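Not measured: the values here are computed from a predicted model.
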Amino acid sequence: MDYKDTTAALSTITYDKNEIQAPTENIYEAISIIAKRATQINEDLKKELVDKLEEFATYNDSLEEVFENKEQIEVSKFYERLPKPTAIAVDEWLKGKVYFRTPEKE
């Protein structure tokens with residue numbers, strides 16, 4: 001999934017509790033689903049970042065040679081500026097983009 005085009009908040013904001021719990025009618029269940037989605041997003045972003053940084057990796061046995069790669073620094077800064085995974089998960093939840101099911105009710 002492409003998280004670069006998200007409209008999630010970059011800073012902390014307050015959400016309406018009723019809006020968050022509306023799809024499940026239970027705030028705890030909604031928070032649990034959002035938390036699981038945030039974990040998935042975090043894993044995806046981390047894997048993507050590690051894969052991109054692997055492109056810049058130099059395998060030397062010498063510790064004296066440390067290179068500052070500007071492209072590597074820019075990639076790292078870009079990922080630092082992205083919204084946090086929890087903000088992305090809440091944004092997806094409020095837009096109805098998160099699929100969830102409850103086996104007990106089915």
J.: Let me confirm one number: the NZ-NZ distance from Lys47 to Lys52, rounded to the nearest 0.5 Å.
T.: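 NZ of Lys52 is found 12.0 Å from NZ of Lys47.
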
J.: Working note: Leu49 + Leu45, criterion side chain to side chain contact (heavy atoms under 4.5 Å, CB included); need CA distance, chi angles, decisive distance, verdict.
T.: CA-CA 6 Å; Leu49 175 61; Leu45 287 174; over 6 Å; no

J.: Specify the closest pair of heavy atoms between Pro85 and Ala38, including all atoms of both residues, with the distance to one decimal.
T.: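 Taking every non-hydrogen atom into account, CB-O, 3.5 Å.
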
J.: How long is the straight-line distance from CD of Glu43 back to CD of Glu48, given to the nearest 0.5 Å?
T.: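 CD of Glu43 is found 13.5 Å from CD of Glu48.
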
J.: With sequence neighbours excluded, give me every salt bridge (charged side-chain N to carboxylate O under 4.0 Å, His left out) pair touching residues 75-91.
T.: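 Found Asp91-Lys95.
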
J.: Considering all heavy atoms of both residues, which atom of Ala9 and which atom of Ala87 are nearest to each other, and what is their separation?
T.: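 Heavy atoms only, the tightest pair is O-CB, 3.5 Å.
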
J.: When you compare the side chain of Glu74 with that of Glu71, does any pair of heavy atoms fall below 4.5 Å?
T.: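 Side chain of Glu71 against side chain of Glu74, heavy atoms only: no contact under 4.5 Å found.
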
J.: Could you tell me which non-hydrogen atom of Ala30 sits nearest to which non-hydrogen atom of Gln21, and how far apart they are?
T.: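 Between these two residues, the closest heavy atoms are CB-CA, 4.2 Å.
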
J.: Hydrophobic clusters join Ile, Leu, Val, Met, Phe, Trp and Tyr when side-chain heavy atoms are under 4.5 Å apart, directly or via other members; which others share one with Val50?
T.: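 Members other than Val50 - counting any ILVMFWY side chain reachable under 4.5 Å - there are none.
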
J.: Got a sec: does the CD of Glu25 have more than 12 other heavy atoms crowding it under 6.0 Å?
T.: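 For Glu25, atom CD is not crowded (no more than 12 foreign heavy atoms under 6.0 Å).
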
J.: Side chains of Ser76 and Leu53, heavy atoms from C-beta outward: is any pair under 4.5 Å?
T.: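 They are in side-chain contact.
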
J.: Tell me who clusters with Ile33, hydrophobic residues only, linked when side chains sit under 4.5 Å apart either directly or through other members.
T.: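 Once heavy-atom contacts under 4.5 Å are chained together, Ile33 belongs with Ile13, Tyr15, Ile20, Ile27, Tyr28, Ile31, Ile34, Val90, Trp93, Leu94, Val98, Phe100.
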
J.: If you round to the nearest 0.5 Å, how far is CG of Leu82 from CD1 of Ile88?
T.: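 Reported to 0.5 Å precision, the distance equals 6.5 Å.
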
